[in-house]
Amino acid sequence: MNDIRDMILDSAGRLFSDRVNRELWQASEDGGFSDDAWHAVAEMGLTRMLLEEDEGGAGLDVADGLSLAELAGYHALPLPLAETFVGMRLVADRIKVSGEEIIVLAGEHNIIDARLEPAGEGWTLIGELQRIAWGRHAHYVLLDLPARDGDMRRVVVKADRLQWRPDVSLAGEARDSASLDSLALTANAVTATNKTGPSITEWGALLRSLQMAGAMRRALELAVEHANERKQFGRPIAKFQAIQQQLAAMAGQVAAAGAAAAAAARATEGEEPGFMIAVAKARVGEAAGMAAAVAHQVHAAMGFTREHTLHYYTRRLWSWRDEFGTEPYWQDRIGQRICATGGDGMWPFLSDL
Amino acid sequence: MNDIRDMILDSAGRLFSDRVNRELWQASEDGGFSDDAWHAVAEMGLTRMLLEEDEGGAGLDVADGLSLAELAGYHALPLPLAETFVGMRLVADRIKVSGEEIIVLAGEHNIIDARLEPAGEGWTLIGELQRIAWGRHAHYVLLDLPARDGDMRRVVVKADRLQWRPDVSLAGEARDSASLDSLALTANAVTATNKTGPSITEWGALLRSLQMAGAMRRALELAVEHANERKQFGRPIAKFQAIQQQLAAMAGQVAAAGAAAAAAARATEGEEPGFMIAVAKARVGEAAGMAAAVAHQVHAAMGFTREHTLHYYTRRLWSWRDEFGTEPYWQDRIGQRICATGGDGMWPFLSDL
Amino acid sequence: MNSFRFDPVELPDSALSFRHAARSFLADELAHERFTPHRNSWGTYDADFSRRCGQHGFIGMHWPQRYGGHEASALDRFVVIEEMLAAGAPMGAHWVADRQSGNNILANGSEAAREKILPQIAAGECFFAIGMSEPNSGSDLASVGMRATRADGGWVLNGTKIWTSNAHQAHYLIALARSEPLGEDRHAGLTQFIVNLRESDGITTRPIYNLYNSHDFNEVFFDDVFVADDMLIGDEGRGWQMVTGELAFERSGPDRILSTYQLLRQLVDAVAKKAEGRDLIAVGRLISHLVTLRRMSLSVAGMLERGESPELEAAAVKDVGTAFEQEIPEIARLLVDVAPSLDNGNPYAEALAKGMLSAPCFSIRGGTREILRGIIAKGLGLR
Amino acid sequence: MNSFRFDPVELPDSALSFRHAARSFLADELAHERFTPHRNSWGTYDADFSRRCGQHGFIGMHWPQRYGGHEASALDRFVVIEEMLAAGAPMGAHWVADRQSGNNILANGSEAAREKILPQIAAGECFFAIGMSEPNSGSDLASVGMRATRADGGWVLNGTKIWTSNAHQAHYLIALARSEPLGEDRHAGLTQFIVNLRESDGITTRPIYNLYNSHDFNEVFFDDVFVADDMLIGDEGRGWQMVTGELAFERSGPDRILSTYQLLRQLVDAVAKKAEGRDLIAVGRLISHLVTLRRMSLSVAGMLERGESPELEAAAVKDVGTAFEQEIPEIARLLVDVAPSLDNGNPYAEALAKGMLSAPCFSIRGGTREILRGIIAKGLGLR
C-alpha cells in the first residue's frame with residue numbers, strides 16, 4: 001500500500017513542481033483560477049485519489065491518501081484539490097463524477113442561519129453561505145445541517161445555482177459568499193451523515209491542518225536556504241546563533257505541526273476522529289503563526305516583498321489557520337471534552353488516542 | 001527635594017548592602033524574622049520616611065519616597081519595610097508611632113467573608129484574614145472594608161490580638177492567616193478612607209510592583225555578571241549570541257517594569273491612581289515571570305542551587321507577582337475601564353495619564 | 001552593569017495646547033472624511049494631508065522660525081505625532097523629512113541646504129526618502145558600496161539603494177556613500193549626501209511591491225549622479241556618526257508602539273460588546289503594555305529634548321514596542337472571529353488584515369530585532 | 001535541508017497488556033497510600049517503591065532475561081513509563097539506571113559488568129548516578145577534566161563531578177573521564193567508567209541543595225579512585241560516541257513532557273468546576289500540545305526500537321516538550337487564583353509550588369535549550 005502511495009505522491013510532487021510557480025500563483029490572486037492547471041491535476045487522477053478502485057480511484061487508505069493534502073500545502077498549490085479529493089469520496093455514493101469537478105466544503109463557520117425544511121419529495125435549503133473557499137469556481141458545495149428531527153444530514157448543493165458575492169483570503173484565493181435563497185433540493189441531494197465519521201467542519205479542519213503542515217515545512221526550507229545564502233558582516237547569516245536559535249525553535253514547531261496533522265489523518269476512521277482533528281487544527285494553527293513569524297524575521301526585508309516566494313506560503317498559513325475554526329474554537333472543544341472527563345479520567349482517555 | 005531623596009536612598013542602599021546577606025535571608029526563611037536588622041532599618045528612619053517632618057519623617061514627596069520600595073526589592077530585603085513605611089503614613093492621623101512598629105497590609109485578596117458592624121461607640125470586625133505578609137510579626141494590620149452604608153472604611157487592627165496560623169511564601173517569608181473572630185474595635189480604629197487615594201489593595205500592588213522592578217534590576221545584573229564570568233567552549237558565555245539575545249530581551253522587560261512602576265508611584269495623588277497601579281502590577285508581574293526565566297536559563301544549573309543568591313530574588317518575584325492581585329486581576333480592571341470608555345474614547349483617556 | 005534610565009517626564013503646558021490644536025485639526029479632517037483611520041498607518045502617503053499639516057504648523061515643529069519651524073519642544077512634537085498616529089492620520093508623505101531628515105539637515109547641513117529645504121519641509125511640500133540600505137548591506141550598514149567621487153563643485157554618486165520608501169514620490173533622498181576607500185576602520189570614510197530625486201540626472205527608480213502588493217519600497221539606481229558641495233551633510237567622512245545618532249530619533253517614537261493602534265481601537269469596541277471575562281483580561285493586558293511603552297517613549301523624548309544620547313533606551317523602546325505592535329493582530333484574531341480582508345468594507349476585518357500582513361516588517365524596518373538586541377547586549381556590558 | 005521525521009507509531013498489543021499491568025500495580029500502590037501523586041516528580045527518590053517496581057518487572061523491561069530483563073520492546077517500556085509518570089509515581093531511585101545506565105552497560109559493558117549489575121538494577125535494588133558534568137564543564141561536555149590513569153588491573157580516577165542527582169544514595173556512578181591527553185580531536189580519548197560509590201575508597205560527596213532546599217544534586221570528589229578493567233564501558237577512548245548516543249534516550253522520553261502533569265491534572269479539575277469559556281480554551285490548548293508531544297515522543301521510541309539514531313528528533317522533543325512543561329505552572333497561576341505553597345496540604349497549591357520552583361531546570365538538565373537548538377540548527381543544515 002505504501003508503494004502505491006509513494007508512487008502517487010512522487011508523481012504529484014513532480015506535477016506540482018512543474019506547474020506551481022509565480023504565474024500559477026498570480027492566476028489565483030484576486031480570486032482567479034487556472035483551468036489548465038486544474039485539468040492537469042484531475043487528469044493525473046489526484047481528485048479521485050480517495051475513491052475505491054472500482055469507482056476509478058486509487059483505493060488508498062484514507063490516511064495515506066491524505067498525505068496529498070500535506071504535499072499540496074508544501075507546494076502552496078493554488079487549487080481546491082484537498083477539498084475536492086475528500087469531497088469526491090464523500091459524494092461517491094450519490095453523484096457520478098468525472099474527476100474534473102470541483103467540490104468545496106462549507107463548515108459550520110461558513111453557514112449562517114441555515115436550516116433544512118422538507119418539501120414534497122425533496123427539501124428546501126434556507127440560509128447564507130459565507131467565505132466558501134473557491135466558491136465561485138465550484139461545481140458542488142458540501143455541507144452538514146440538522147433536519148427537523150435533530151439528526152444531521154449531509155447536503156450537496158450545485159454551486160452554479162448560487163449567486164456568488166466575491167471576496168478573497170489573505171492569500172488572494174476566492175472566498176465567496178452566497179445566499180441559499182430557499183433553494184429546492186432533490187431527495188438525493190440530502191442524506192444521513194456517517195455518525196462516527198468526521199463532519200464537514202472536521203474534514204475541512206483536517207485538510208487545512210495538513211496543508212499548513214506542508215506549507216510550514218516549505219517555509220522552513222526557504223528560511224534555511226536563505227540563511228545559508230544571505231551574507232551580512234562578511235558571512236552567511238546561518239552562522240549567527242541569533243538566526244540558528246530561531247530556526248531551531250521554528251523547526252520544533254514545524255515538527256509538532258507535522259506530527260499532529262499526521263496523527264489526525266490516521267484517526268478519521270477511529271472512534272472519535274473529531275478529537276484528534278481538534279488537536280491537529282489547534283496545534284498546527286498555533287505553530288503556523290510562530291513559523292511564519294520566524295520565516296519572515298530570517299528573510300528580513302527580502303521576504304517582505306512580492307518578488308520573493310515566501311509570502312505565497314505565509315499568506316496561506318495566515319488564512320488557513322482561520323478557516324474551519326480558529327485555534328480557540330478547537331481548543332474550546334478539547335477543553336470541554338477534557339473537563340468533562342476530569343483530572344483523573346484524563347490520562348486513560350489521552351493514552352488511548 | 002531630590003537631594004534629600006538621593007541622600008536617603010544612598011544611606012539606605014549602604015545599609016541594605018551591609019545587612020542583607022545570606023544570614024539575613026536565612027533568618028527570614030520558614031517564616032522567621034530578624035529583630036536586629038529591623039531595628040537598624042527603623043533607627044535610620046526608613047520606616048518613617050513618608051511622614052511629615054513634624055511627625056518625625058523626612059517629608060518626602062510620596063513618589064520620591066516610594067523609590068525606597070524599589071531599592072528594597074533590588075536588595076531582596078527580607079523585612080516588611082515597604083508596607084510599614086506606607087502604613088505609617090496612612091495611620092499617622094490616629095496612631096502615635098515610634099518607628100519600630102511593623103505595619104502590614106491586608107488587600108481584598110487577603111480578606112474573606114469580612115464585614116464591619118457598628119457596636120456601641122465602636123465596631124465589630126468579622127471574617128478571616130489569609131496569607132498576610134509578615135502577619136505573625138506585625139503590630140498593626142491595615143485593611144479597607146465597606147460599612148453598612150456602603151462607604152469604605154479604613155481599619156487598623158492590632159495584630160497581637162489575632163491567633164496567627166503560619167504559612168510561608170515561595171520565598172519562605174511569613175504569609176499568615178488568622179480568624180478575626182468578632183473582634184471588637186474602638187471608634188478610633190475605623191475611619192473613612194480618602195476616596196481618591198489608593199485603596200489598601202492598590203497600595204499593596206504598587207509596593208509589590210516597585211519591589212519587583214528592583215528585584216528584576218538586580219537579577220539582570222547577576223545574570224550579566226554571571227555571563228561575563230562563566231566560561232564554556234573556551235570563552236565567556238556572554239560572547240554567545242544565544243545568551244546576548246536573551247539578556248537583551250530581558251533588559252527590555254526590566255526597563256518596562258521600571259517605567260511602569262515609577263509611573264504608578266507618581267500617580268498616587270492624581271485623579272485615578274488605581275488605573276496606573278493596575279497598569280504597573282499587570283505589566284511588572286508579567287515581566288517578572290519572563291525575567292526570572294531568562295535569569296535562570298543564563299545561570300543554568302548554578303542558579304538552581306541554594307548556594308547561589310539568584311533564587312533569593314527570583315523566588316520573591318514569583319511570590320510578589322501573585323500578591324495583592326495577580327496579573328489577570330488587574331488586567332481585568334484595566335479591560336473593564338477601557339471597554340467602558342470604548343475605542344474612540346480610549347485615546348483621550350490614555351493620553352491624559 | 002549599565003542600567004537603562006527611563007526617568008519620568010511631565011508634559012509641559014505647551015504640549016497640552018499642541019494636543020488640543022492637533023485634535024481640533026484631526027476632528028475637522030475626519031468631519032470632512034479626508035481620511036479613513038483604520039486603513040492607514042504612518043506610512044500612508046497623502047501629499048494633500050501633508051500640506052494641510054504644514055499649514056497648521058505640525059511639521060518641523062521644533063525647528064527655528066527662520067527655517068519655517070515653530071520653536072516648539074521635542075515633547076510638543078511628541079504629542080502632535082501621537083495624536084496623529086492615534087487618529088490614524090496618513091502621515092507617510094512628510095514622515096521621513098519630519099522625523100529625521102530635517103533634523104539631520106538642521107544639525108549638520110550647510111546653511112544653503114537649510115535655507116532652501118527646511119521651509120519647504122515645514123510647509124508640507126517637500127518629502128524625503130532614506131538612502132541607507134543597499135542590496136548587499138541591510139543590517140550591516142557600514143558595508144555600504146555606493147561610491148562618492150570628487151567632481152567639479154561637488155561629488156558624483158554611483159551605486160544602488162534599496163528599501164527606500166517613497167523614493168518614487170519624494171523630492172529628496174539622503175544617501176550614505178563611501179567617500180574614501182575602505183580602510184582599517186569600516187566606519188570611517190562614509191558621507192551623507194542630499195540628492196534631489198526630481199531634478200538629478202542618472203537616477204532610475206524601480207518599484208518593489210510588498211507582500212500585500214502595495215508599492216512603498218523602491219530600488220534606486222545611481223549612475224553618475226551629481227551632488228553639489230553644499231548638499232553634503234556634515235563633514236566629509238563623518239557620515240557614520242550622524243547615521244547612528246539619527247537612529248535614536250528613528251527608534252524611540254510613538255510610531256514604534258502605535259502601528260496597529262487602529263486595530264486595537266476596533267478590538268476594544270468588539271470586546272466591549274460581549275464584555276466576557278478573559279477577553280477583558282486580554283485587552284487589559286495590551287493596554288498595560290501600551291501605557292508603559294508610551295511612558296518609555298516619552299521618557300526618551302525628554303532625554304532627546306535635553307540633548308542626551310539615549311541610543312540604548314531607544315533600542316529597547318523599539319524592541320519592546322514592535323513586539324507589542326506585532327502581538328495585537330495575533331491576539332485580536334483569537335478574541336474576535338472575523339475573517340481578515342483588505343477591502344471588504346468591515347473596519348475590523350480591514351484593520352486586522354492590514355495589521356497581520358504588515359506585522360512582519362515591524363521588527364525588521366529601522367533595525368532588525370537581532371541587531372537591536374545586539375546593541376542592547378553591548379550596552380548591558382556583555383563582553 | 002534535512003527534515004525531521006516523526007512517523008506515526010501504532011502500539012503493539014503487548015504494550016496494551018503492559019499498560020494494564022502498570023495500571024493495576026499503580027492502583028494498588030495508591031489504594032495503600034504508598035505515594036502522594038501531586039508531590040512527586042520522576043526525580044522523587046523512593047527505594048521501596050523501586051524495589052516493588054522491580055518485583056513487578058517494570059525495570060529493565062527490554063533487556064534479555066539472562067540479565068534479569070523481560071525482553072519487552074521499547075514501546076512496552078514507553079507505555080509503562082508514561083503510566084508511572086501520569087500517576088505521579090516516585091521513580092527517582094531507579095530512574096537513571098533504567099533509562100540509560102543499564103542500556104549503556106548492556107550495549108557496551110563487559111560481560112562481568114552485565115552479569116553483576118543488570119540483574120540488580122532490574123530487581124529495583126541497584127541505583128545509578130550520572131557522572132558527566134563537572135564544575136567547569138557543563139554544556140561543553142567534551143572539556144571534561146577528570147583524569148583516568150592506568151593502574152594495575154584497572155584505572156585510577158581523579159577529578160570532580162557535579163550535578164550528580166542521587167550520588168549520595170546511588171550504588172554506582174558512570175564517570176566520563178579523559179583517559180588520554182587532550183589532542184587535536186577534543187572528542188577523542190574520553191572513556192566511561194562504572195564507579196562503585198558505596199565500596200570505593202577516595203570518594204567524597206558534598207550535597208548541593210536546590211533552590212527549594214531539596215537535596216538532589218551533589219558534587220562528587222574523586223581522589224585516586226580505583227576502577228577495575230571490567231568496569232570500563234566500551235573501548236578505551238570511545239566514551240564520547242557513547243555519551244552522545246545515550247542522549248537520544250535521555251532526551252525524547254515522556255519524562256520531557258510530563259514533569260508538571262500532576263499540576264495539569266489539578267488544573268483540569270479546577271477549571272472544570274467553573275467551566276468558563278477562555279479557561280476551557282486555555283486547557284484545550286495545553287492538551288493539544290500534550291497529545292502532539294506524546295505522538296512525537298512515541299515516534300522516537302519507535303525509531304529507537306528499530307535501531308535508528310533519532311538524535312535530532314530527540315532534541316526537538318526535549319526542546320518543545322520542556323517548553324510545554326514550563327508553561328503549565330505559568331498558565332495555571334493565571335487561571336486559578338490559589339497561592340502556591342510547598343506544604344500547606346492543598347494539592348493544587350502544592351503542585352503549583354513544586355511546578356513553579358522546579359520549572360527553571362527543565363530547560364537546563366539533560367542539555368540546555370541553547371545547546372539543543374544548536375544541535376537542531378546543525379541538523380537543519382545551517383552552515
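Sequence lines set the chain letters: A, B, ... in the order given, protein chains first and strands last, and positions in each chain run from 1.
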Proximity of A/F324 and A/W203 rings by center, below 6.0 Å: no
For chain D, which of A/A265, A/A249, A/A340 has the most heavy-atom pairs under 4.5 Å? A/A249
Quick check: D/Y348 with D/H38 (ring centres under 6.0 Å apart)? no
Cut-off 4.5 Å, heavy atoms of chain A, and the answer for D/E10 is side chain
Does any heavy atom of chain A fall under 4.5 Å from the side chain of D/R295, the backbone, both, or neither of them? side chain
Counting heavy-atom pairs under 4.5 Å to chain D, which of A/Q246, A/E225, A/Q331, A/Q336 comes out on top? A/Q331
So, the side chain of A/R208 versus the backbone of A/E323: is there a donor-acceptor pair under 3.5 Å, distance only? no
Report which part of A/M276 has an atom under 4.5 Å of a heavy atom belonging to chain D: side chain, backbone, both, or neither. side chain
Where on A/F275 is there a heavy atom nearer than 4.5 Å to chain D: the side chain, the backbone, both, or neither? side chain
Answer with side chain, backbone, both or neither: which region of D/R383 has an atom nearer than 4.5 Å to a non-hydrogen atom of chain A? both
Look at A/A259, A/A256, A/A263 and state which one has the largest set of heavy-atom pairs under 4.5 Å with chain D. A/A256
Does the pair D/E325 and D/Y261 meet the rule for a side chain to side chain donor-acceptor pair (under 3.5 Å), with working shown? CA-CA 8 Å; D/E325 294 178 327; D/Y261 183 78; over 6 Å; no
So, the part of A/R283 with a heavy atom under 4.5 Å from chain D: the answer is both
Given a strict heavy-atom distance threshold of 4.5 Å, which part of D/L264 is in contact with chain A: side chain, backbone, both, or neither? both
Among D/V271, D/D7, D/I287, D/L286, which residue has the highest count of heavy-atom pairs closer than 4.5 Å to chain A? D/I287
Please rank A/A282, A/A278, A/A238 by heavy-atom pairs under 4.5 Å with chain D and give me the top one. A/A238
Ion pair present between A/K281 and A/E327, side-chain N to carboxylate O less than 4.0 angstrom? no
Out of D/I376, D/L382, D/I375, which one racks up the most heavy-atom pairs below 4.5 Å with chain A? D/L382
I need the residue from D/A316, D/P8, D/A315 with the largest number of non-hydrogen atom pairs under 4.5 Å to chain A. D/P8
D/N346 side chain vs D/A349 backbone, donor-acceptor pair below 3.5 Å: yes
Within 45 degrees of the axis of the six-membered ring of A/F349 and under 6.0 Å from its centre: does A/R337 put its NZ or CZ there? yes
Is the centre of the A/W330 ring less than 6.0 Å from the centre of the A/H109 ring? no
Looking at D/F58 versus D/F18, is the centre-to-centre ring distance below 6.0 Å? no
Chain A contact via D/L258 - which portion, at a heavy-atom distance below 4.5 Å: side chain
Looking only at D/S288, D/A282, D/A272, the option with the highest number of non-hydrogen pairs under 4.5 Å against chain A is D/S288
Backbone N/O of D/G366 and side chain of D/R251: donor-acceptor pair under 3.5 Å: yes
Trace of the side chain to side chain donor-acceptor pair (under 3.5 Å) decision for D/S252 with D/R256: CA-CA 7 Å; D/S252 66; D/R256 302 307 184 179; over 6 Å; no
Heavy-atom distance under 4.5 Å to chain D: side chain of A/E286, backbone, both or neither? side chain
